Amino acid sequence: MATPRSVSKVVVVGGGIFGVSSAVHLARLGIQTVLVNDGPLAKGASGRSLAWLNSARKRSAEYHRLRMIGIDRYRTLSARYPDAAWLRFDGGLTWDADDASNEIDDVFAHEKDLGYDAQHLSADAIASVTPGVAASAVTPQGAIFNPGEGWVDLPSLIEILIAEFVERGGQLVTDAGSAAVTVVDGRATGVTTTSGISLAADAILLATGGDVPRMVADSRQYIADGTPIALLVRTKPVDLPLRAVLNTPRVAIRPTPDGALALDSAWSEEEVVVNSDGTYSVKTSTIQGLLNEASNVIEGHPKLELQSYGVGPKPIPGDGEPVFGQLKDIQGYYVAFSHSGATLGLIAGELLAGEIASGIEHPLLANFRPSRF
Ligand SMILES: Cc1cc2nc3c(=O)[nH]c(=O)nc-3n(C[C@H](O)[C@H](O)[C@H](O)COP(=O)(O)OP(=O)(O)OC[C@H]3O[C@@H](n4cnc5c(N)ncnc54)[C@H](O)[C@@H]3O)c2cc1C
């Protein structure tokens with residue numbers, strides 16, 4: 001389905017990082033583009049992401065390559081905004097639990113084989129490499145420091161990208177109500193929304209985060225879904241020397257632009273209750289537990305206080321790998337659905353915009369097509 005064709009008007013549905021990044025890249029290519037979002041921008045996963053920029057640990061070679069190119073695009077952006085408080089490359093530090101699940105030796109060997117910048121450090125060596133970590137919390141197997149890793153504040157990035165989109169003539173429609181893609185005779189022809197907006201287009205990009213599998217199912221297409229409900233806790237600003245992203249057995253931590261911390265973990269995610277009406281309940285004990293876990297791994301064990309939290313779907317395809325490109329059976333209907341959307345946000349938008357504009361499939365996305373399901 002890689003027939004080159006003429007595309008002059010595109011509608012992007014979804015105002016998270018994939019939708020916004022794709023929209024600005026389409027505008028850069030001179031394509032008339034409308035971005036439609038049901039609420040304000042970044043109200044989905046992109047507004048409550050840990051957003052650690054990395055390709056740490058093990059995955060397929062193709063996925064690793066895409067993530068590394070994704071990080072490269074952030075490096076370029078960082079060179080344009082060297083003083084940005086919303087994009088930092090201060091490295092990442094990882095350690096595992098002191099039990100049979102500990103993979104630090106193995107992961108370190110793997111990362112060295114790939115040429116992924118990695119240092120294997122004992123607890124007492126960490127302070128000389130990256131500040132602010134409680135050495136007593138690090139397990140005997142030691143930690144891996146990856147100096148090339150970083151983090152991004154996605155709402156800030158989205159604001160910058162959308163300003164360029166609008167400046168280039170892109171049309172932004174927020175609070176549009178829920179959008180649905182119209183398909184006629186095996187071709188996507190436009191988008192309608194529950195607020196009565198109707199837009200015709202030569203191609204549609206569906207970038208609605210965790211809603212993608214359900215929405216393509218309306219057109220009898222199948223994408224396996226492994227989306228969990230995730231929790232991100234934000235602390236009040238706290239004066240700490242910590243700069244790296246920490247990935248530890250009980251909590252992941254990254255600094256934020258306003259001098260606070262963002263926290264998440266697998267166990268706290270599992271404690272979120274999904275109510276029968278589709279709303280979520282988060283226990284005070286879960287939030288306090290996460291704040292305590294974070295304090296435990298930070299030097300001096302500072303008192304951390306809750307500022308706010310975000311809860312909702314974390315888009316993850318059923319097989320864990322990204323889903324990018326045109327649906328097999330519907331001409332002009334493209335999707336973007338992936339975990340690690342912070343790391344992939346810039347590169348995925350660039351490659352998808354290129355595919356939509358030219359009709360030519362990019363080889364870097366060959367392993368990530370929706371047709372594999
Ligand atoms: C807690 C957490 C931690 C994470 N950690 C990392 C990490 O460390 N590193 C990393 O790289 N990634 C991480 N991610 C993943 C990353 O944040 C996501 O992959 C990325 O933000 C997804 O962006 P998106 O554009 O696909 O979706 P979203 O940001 O969810 O955006 C989808 C948008 O579509 C809109 N929408 C939905 N349905 C409709 C509809 N019918 N009509 C109109 N609009 C609609 C929503 O309002 C939303 O604005 C994390 C995510 C979470 C939640």
Side-chain angles (χ1 to χ4, degrees), residues 11-23 34-57 63 66-67 70-71 74 92 94 149-155 157-158 161-162 172-181 191-195 197 199 204-216 218 227-234 245-247 251-254 262-266 268-269 272 290 309-317 320 322-324 335-349 352:
V11 175
V12 176
V13 185
I17 188 56
F18 285 143
V20 171
S21 171
S22 304
V34 185
L35 175 68
V36 179
N37 196 57
D38 53 1
L41 294 174
K43 94 176 220 308
S46 303
R48 43 180 171 74
S49 176
L50 193 76
W52 167 39
L53 304 175
N54 80 95
S55 188
R57 304 190 88 105
Y63 192 12
L66 188 65
R67 293 171 75 114
I71 293 170
Y74 277 103
T94 300
E149 295 178 351
W151 59 268
V152 62
D153 181 65
L154 287 175
L157 174 60
I158 284 173
L161 296 179
I162 214 68
L172 173 65
V173 188
T174 51
D175 302 304
S178 183
V181 179
V191 164
T192 56
T193 76
T194 49
S195 66
I197 296 166
L199 298 160
I204 313 293
L205 173 65
L206 191 69
T208 51
D211 284 348
V212 167
R214 185 184 53 72
M215 291 178 73
V216 299
D218 291 342
T227 299
I229 302 306
L231 171 69
L232 187 85
V233 168
R234 305 175 195 94
V245 179
L246 300 189
N247 278 279
V251 64
I253 306 178
R254 74 152 162 92
L263 320 173
D264 79 354
S265 76
S268 50
E269 183 171 299
V272 174
L290 204 54
Y309 67 85
V311 60
K314 173 159 69 177
I316 303 187
V323 185
F324 294 131
V335 295
F337 174 54
S338 182
H339 183 35
S340 297
T343 306
L344 299 177
L346 297 177
I347 188 62
L352 282 166

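Worth saying up front: this structure is predicted, and the values here are computed from it rather than measured. Both ligands and their constituent atoms are indexed starting at 1 by order of listing.
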Judging by distance only, is a nitrogen or oxygen of [X] under 3.5 angstrom from one on ligand 1?
X: Gly47; value: no
X: Ala342; value: yes
X: Arg214; value: no
X: Ser178; value: yes
X: Trp52; value: yes
X: Gly39; value: no

[X] side chain vs [Y] backbone, donor-acceptor pair below 3.5 Å:
X: Thr194; Y: Gly177; value: no
X: Ser195; Y: Ala176; value: yes
X: Thr227; Y: Ile316; value: yes
X: Ser22; Y: Leu352; value: no
X: Ser46; Y: Ile17; value: yes

Using 0.5 Å steps for rounding, measure from the [atom1] atom of [X] to the [atom2] atom of [Y].
X: Ile158; Y: Lys43; atom1: CD1; atom2: NZ; value: 12.5 Å
X: Tyr63; Y: Leu344; atom1: OH; atom2: CG; value: 5.0 Å
X: Ile347; Y: Phe324; atom1: CD1; atom2: CZ; value: 9.5 Å

Taking [atom] as the reference point, the nearest protein heavy atom with its distance:
atom: atom 1 (C) of ligand 1; answer: Arg48 O, 3.5 Å
atom: atom 28 (P) of ligand 1; answer: Ala45 N, 3.6 Å
atom: atom 17 (O) of ligand 1; answer: Ser49 OG, 2.7 Å
atom: atom 40 (C) of ligand 1; answer: Ala179 N, 3.6 Å
atom: atom 26 (O) of ligand 1; answer: Phe18 CD1, 3.1 Å
atom: atom 48 (C) of ligand 1; answer: Asn37 OD1, 3.6 Å
atom: atom 37 (C) of ligand 1; answer: Asp211 OD2, 3.3 Å
atom: atom 52 (C) of ligand 1; answer: Lys314 CD, 3.4 Å

I need the atoms of ligand 1 closer than 4.0 Å to a non-hydrogen atom of [X], numbered in the order shown.
X: Lys43; answer: 47 (O), 49 (O)
X: Val13; answer: 42 (N), 43 (C)
X: Gly44; answer: 29 (O), 30 (O), 48 (C), 49 (O)
X: Gly209; answer: 26 (O), 27 (O), 30 (O), 32 (C)
X: Ser340; answer: 10 (C), 11 (O), 12 (N), 15 (C), 19 (O)
X: Ser338; answer: 19 (O)
X: Gly15; answer: 33 (C), 34 (O), 49 (O)
X: Gly14; answer: 33 (C), 34 (O)

Determine, step by step, whether Trp52 and Arg254 satisfy the side-chain contact (heavy atoms from CB on, under 4.5 Å) criterion, reporting the C-alpha distance in whole Å, the side-chain angles of both residues, the deciding distance to 0.1 Å, and the verdict. CA-CA 8 Å; Trp52 167 39; Arg254 74 152 162 92; over 6 Å; no
So for Met215, does at least one of its heavy atoms come nearer than 4.0 angstrom to any atom of ligand 1?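 Yes, that is the case, since the closest heavy atom of the residue is under 4.0 Å from the ligand.
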[X] contact mode with ligand 1 (heavy-atom cut-off under 4.0 Å):
X: Ala51; result: backbone
X: Asp264; result: side chain
X: Leu344; result: neither
X: Ala336; result: neither

Heavy-atom check, side chain of Leu206 versus side chain of Val181, under 4.5 Å: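 Counting from C-beta outward, Leu206 and Val181 do come under 4.5 Å.
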Are side-chain heavy atoms of Leu154 and Leu157 found at a separation under 4.5 Å?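 They are in contact (side-chain heavy atoms under 4.5 Å apart), so the answer is yes.
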Heavy atoms only: which of Asn54, Ile316, Ile229, Thr343 is nearest to atom 11 (O) of ligand 1?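 Among Asn54, Ile316, Ile229, Thr343, the closest heavy atom to atom 11 (O) of ligand 1 comes from Thr343.
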Going by the closest heavy atom to atom 23 (O) of ligand 1, which one wins out of Ser46, Gly16, Gly341?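 Heavy atom nearest to atom 23 (O) of ligand 1 belongs to Ser46.
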So, Asp264 and Arg48, do they make that salt bridge, N to O below 4.0 Å?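 Not counted as a salt bridge, because no side-chain N and carboxylate O are separated by less than 4.0 Å.
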Test log, rule side-chain contact (heavy atoms from CB on, under 4.5 Å), inputs Val36 and Ile197: CA-CA 10 Å; Val36 179; Ile197 296 166; 5.8 Å; no
Check step by step if side-chain contact (heavy atoms from CB on, under 4.5 Å) holds for Phe18 and Val12. CA-CA 10 Å; Phe18 285 143; Val12 176; over 6 Å; no
Leu35 and Leu41: side-chain contact (heavy atoms from CB on, under 4.5 Å), yes or no, with the steps? CA-CA 10 Å; Leu35 175 68; Leu41 294 174; 4.2 Å; yes
Show the nearest heavy-atom pair for residues Val245 and Gly150, with the distance to one decimal.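 That closest heavy-atom pairing would be CG2-O, 3.8 Å.
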For Leu263, the option from Val233, Leu232, Leu50 that meets side-chain contact (heavy atoms from CB on, under 4.5 Å):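 Exactly one candidate clears the test, Val233.
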